[in-house]
Amino acid sequence: MYCSISKACLRRKRASCDCSAFSITSAMLSALTHLFKHLRGVGLGAILIRGTLSVGAIRIANKAITLVAAVVLARILGAQGYGFYAYAMAVVTTIAIPAQIGLPQLVTREIAAAEARREYSLMRGMRRRALQLASVSVVLGSLVGCAILLVSVHIPAINPAVFALAMLLLPLQIGLALLASMLRGLRFVVQSTWPQIALQPLLFLLLIFISMRYLTAWNAMALNLIATAVALVVLVKIFQKHWPEDANRFAPTYHTRAWLMSLLPFTMMAGINLINKKTDILMLGFFSSASDVGVYTVVFQGAMLVSLPLTAVNAVLAPNIARLYTQGDHQRLQRLITVATLATSLVAGIAGLGLILVGRWLLASVFGNDFADGYPVLAILCIGQLMNTLAGSVSMFLNMTGHEKDALKGATVSAMLNVILNALLIPYFGMVGAAIATAISLMIWNILLGILVFKRLRLVAGPFGARIKATSESK
């Protein structure tokens, strides 16, 4: 009798509300079962799972190594010394926006689409134009860096000697990003990933341990420079191995005008996305001290662990989204965004809850008492990253389907809000104000992009998009 009543209730709940607890749990279990069942297959799902697990494992190793390096640097250099190092890295990363972030996304999309159509002459043309544009970006970025160096006396968080050395990282970082994007377009995702996010930080950590007795902010930057150069040499060798020979047999074909038209919104969107990530640190450097920058940078790195699953899956999604969209397979695109978001949300939820529960103890015991004051910042940023993961790869779907201008609209609103909130909150609340501004702008950004994904692609973002869409279509 009891079983009959229970089954009847469950049937009524399924019919009345697909978002019930039972429905959500069933969706999670069904998706996970499907993922593991087809792990050894040859279809898109199996490729996505294997690639995500491989890239995810490398990125987890990267975060672990980076965290150890941050612990050593923070304890030896102190909050102020680590702040000088972290702020110089943040500024250099911002200067490298056009070629380190904007151009690689365009290259990945165009090479993936050209490879799907076997247009090898276009692939070769894209490679040549990308190298030329990257060279221009190095020159322009160097000029900007020199201008910042001239006014560095007015920026508390800049140490001129450390910053000048950091500028030498500019061409190396751009080269790594560009070669990796070409390999991702060819679907060599793991090969494109491990030199930069595994080899480089591991070598950097080893050099730190070797030079620990003599470590300063300047020495740490010099060691980073050596490790990055080695990683670039390795990635060049990998690229030469995997670049298709057929592409070298054709004369290059150029769509320069179309590429430049796409590059502008890509670059602007990349810059705006980076503003969303770096505005808090950059503005802290202006309004506060190097010590606050050091503490905030450590806490920010910890919070980024929450979005690690999303970062890992994005590297695998990019070429597959471009291919499916080129082939017009809308149904598989919806399944792709739903399954990927569901899996990443589960892992991110566990990581975020763990950091919120034991974050204060971790900061004090691992980094030292000077960093324990950053716990409120850690909790706020973790919540923001959880919301980011739940929204899924909305930006990537727009970028890889030719709707980068729409992605730019949402990102622009978020960046403007981020700058305004940071300017209002940092002077009064310091690091906590920066964290609140970043979390709010991140949530607004994902909401806007989710709306644009549905409007342009008719895809429902989030971990239950396929179920929600199927229900709406059945009605």
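Residues take their numbers from the sequence shown, with the count starting at 1. Values below: every heavy atom of this structure, side chains too, minus hydrogens, waters and symmetry copies.
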May I ask you to test the L186-P244 pair for a side-chain heavy-atom distance under 4.5 Å?
-> yes
Between F367 and F371, how do the two ring planes meet: parallel, tilted or perpendicular, split at 30° and 60°?
-> tilted
Mind checking whether T279 and T438 have side chains closer than 4.5 Å, heavy atoms only?
-> no
Using modelled atom types only, decide if a donor and an acceptor are shared between the side chain of R75 and the backbone of V366 within a distance under 3.5 Å.
-> yes
Would you call E110 and W259 a side-chain contact if the rule is heavy atoms closer than 4.5 Å?
-> yes
Is any side-chain heavy atom of S192 closer than 4.5 Å to a side-chain heavy atom of L179?
-> no
Taking S307 for its side chain and M304 for its backbone only, find out whether a donor-acceptor pair lies under 3.5 Å.
-> yes
Which pair of non-hydrogen atoms, one from S395 and one from L449, has the smallest distance, and what is that distance?
-> CB-CD1, 3.7 Å
Flag, side chain of N224 to backbone of A220, donor-acceptor distance under 3.5 Å | no
With the side chain counted from C-beta on, respond yes when I76 and V72 share a heavy-atom pair under 4.5 Å apart, and no when they do not.
-> yes
Does any pair with a residue in residues 73-93 pass ring pair (Phe, Tyr, Trp, His ring centres under 6.0 Å), and if so which ones, sequence neighbours excluded?
-> none
Hits for salt bridge (Lys or Arg N to Asp or Glu O under 4.0 Å) against R118, two or more places apart or cross-chain, chain-then-number order -> E115
If we only count heavy atoms from C-beta on, is the T253 to R124 side-chain gap below 4.5 Å?
-> no
Side chain of T108, backbone of S181: donor and acceptor closer than 3.5 Å?
-> yes
State whether a side-chain donor-acceptor pair under 3.5 Å links D280 with Y296.
-> yes
Could you tell me whether a side-chain N or O of N219 sits under 3.5 Å from a main-chain N or O of Y214, the two making a donor and an acceptor?
-> yes
Return the minimal non-hydrogen interatomic distance between A134 and L103, and the atom names on each side.
-> N-CD2, 4.0 Å
Donor-acceptor contact below 3.5 Å, side chain S414 vs main chain G410 | no
Are any of the side-chain heavy atoms of L390 and T341 separated by less than 4.5 Å?
-> no
Cut-off 3.5 Å, no hydrogens considered: what does the side-chain donor-acceptor table look like for residues 160-168, sequence neighbours left out?
none

Sorted by chain and number, sequence neighbours left out, side chain to side chain donor-acceptor pair (under 3.5 Å) with S291 holds for none
Enumerate, atom names and distances included, each donor-acceptor pair closer than 3.5 Å involving a side-chain atom of residues 229-239, sequence neighbours excluded.
none

Does any pair with a residue in residues 125-148 pass salt bridge (charged side-chain N to carboxylate O under 4.0 Å, His left out), and if so which ones, sequence neighbours excluded?
-> none
